[in-house]
*Asks:* 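Could you have a look at this structure, given as structure tokens, before my questions?
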Amino acid sequence: MSDPLSYLSAQLEAWRRAGTYQRLRVLESASAAESRFDGHEVINLASNNYLGLTTHPKLMEAALEATRKYGVGSGAVRTISGTMSLHMQLEERIARFKHSEACVVFQSGFAANAGTVSAILGPEDHIVSDELNHASIIDGCRLSKAKIHVFPHKDVAAAERILQGLASVPGHKLLITDGVFSMDGDIGALPGLAKIAETYGAVMMVDDAHASGVLGRSGRGTVDHFDLHGRVQIQVGTLSKAIGVLGGYVCGSRDLIEFLYHRARPFLFSTSHPPGVAAACMAAFDVLEQEPERIQNLWNNTKYFKQGLTAAGFDTGVSETPITPVIVGEAKTAHQLSAALFEEGVLATGIGFPTVPEGRARVRTIVTATHTRPQLDRALDIFTRVGKRMGILRSSAARS
Ligand SMILES: *Cc1c(COP(=O)(O)O)cnc(C)c1O
């Protein structure tokens with residue numbers, strides 16, 4: 001009998017031939033500035049652990065204490081019997097932090113985006129979306145069955161033309177962008193987009209996954225960074241990146257949050273966070289306010305490392321944040337570069353089509369607050385050595 005799933009094996013074989021087959025790297029230590037993957041100690045430039053909070057003693061202690069007191073699971077979805085006082089406290093804590101009226105926490109940032117967009121819009125409605133928005137936004141848009149209008153990356157004039165064309169068309173309009181784009185590290189065109197959203201009466205939504213804990217005062221995100229308080233109706237953030245734990249949240253009006261309590265499908269049909277997760281997240285917001293030097297270190301390291309890569313002759317694209325891509329062109333080259341770096345002691349992931357456009361494949365780096373100068377210097381030396389060997393440096397102005 002033939003295997004009805006054999007077409008999957010054929011696809012895997014094609015990926016192996018194309019050099020884009022990805023074996024999972026296994027982390028054998030905590031996620032930190034230097035970690036052990038597959039038996040190798042490497043400088044970790046591939047995590048979203050921007051502030052080093054995955055191993056912060058206060059977060060770990062909070063998780064342990066909550067686990068001892070309340071167990072390892074919540075027992076149900078939020079709407080049945082799985083809303084614990086810790087979940088409510090976390091939502092209040094985040095709302096206060098973001099200067100928002102209310103907040104709902106989801107199991108992940110992915111669930112927050114997909115669950116929110118699909119809940120608040122229907123087939124009669126319209127979504128105006130940046131072409132590089134995250135997959136969870138795209139899935140939420142598709143699930144909503146609303147009409148999707150994609151505008152070229154950060155092109156406010158193009159987004160405005162779309163909204164103009166929809167001005168007399170019935171239905172709600174949602175204008176949606178990432179706050180920081182995860183593959184290029186550039187910041188979304190929030191001020192311009194907020195302005196046209198107001199002009200055309202569209203709801204404005206921002207996904208701040210890579211801006212939470214990174215941009216704005218104490219890491220309050222892009223709305224705070226651009227001082228757009230009160231002009232963005234829906235702010236999404238993640239608890240899985242700089243916050244160091246797991247989860248996603250939506251901040252907005254009390255009625256938006258109450259509506260999501262009633263209609264967001266991941267909220268209604270998937271079990272809430274374990275108490276340890278909620279408690280650790282709560283501790284993280286205290287740390288953001290009590291240890292401002294972490295965000296300062298993150299940005300100092302970002303500037304230092306980006307400058308080092310550029311001086312060596314690498315193409316780092318349009319990055320404005322700790323996400324710094326090293327753009328090499330072909331997917332195969334990106335994966336070869338990533339493999340060579342790993343052999344020399346640096347973990348940085350190769351990313352190709354369809355995650356990024358064809359011909360724009362890259363190795364993506366993310367520095368954190370906890371990388372030391374010697375670690376960054378070592379990583380720069382390794383990048384330069386491997387880049388020279390592979391012939392991907394832009395100029396001969398390479399560091400000696
Ligand atoms: C990582 C990411 C998400 C998903 O967040 P998780 O908490 O990991 O599910 C959503 N949006 C963007 C832009 C992201 O980069």
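The figures here come from the full heavy-atom set of this structure, side chains too, leaving out hydrogens, waters and symmetry mates. Atoms within each ligand, like the ligands themselves, are counted from 1 in listed order. All residue numbers in this chain count up from 1 along the given sequence.
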*Asks:* What I want to find out is whether Arg93 reaches Glu289 closely enough, with some N-O distance under 4.0 Å, to be called a salt bridge.
*Replies:* yes

*Asks:* So that I can tick it off, tell me whether Lys58 and Glu61 are bridged by a salt bridge, with the cut-off set at under 4.0 angstrom between side-chain N and carboxylate O.
*Replies:*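 The answer is no: the pair does not qualify as a salt bridge.
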
*Asks:* So that I know where these two stand, are Phe383 and Phe314 an aromatic pair - ring centroids less than 6.0 Å apart?
*Replies:*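 Close enough - the centres of the two rings lie under 6.0 Å apart.
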
*Asks:* Please report the C-alpha distance between His210 and Asp178 in whole Å, then the side-chain angles of each, then the deciding distance to 0.1 Å, and finally whether the side-chain hydrogen bond (donor to acceptor under 3.5 Å, both in side chains) criterion is met.
*Replies:* CA-CA 9 Å; His210 281 284; Asp178 280 12; over 6 Å; no

*Asks:* Under 6.0 Å between the ring centres of Phe181 and His153?
*Replies:* yes

*Asks:* So which residues, sorted by chain and number, lie with a heavy atom under 4.0 Å of ligand 1?
*Replies:*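 Shell around ligand 1 (4.0 Å, heavy atoms): Ser108, Gly109, Phe110, Asn113, His134, Ser136, Asp178, Ser182, Asp207, Ala209, His210, Thr238, Ser240, Lys241, Gly247.
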
*Asks:* Just checking, any donor-acceptor pair under 3.5 angstrom between side chains of Asn301 and Tyr50?
*Replies:* no

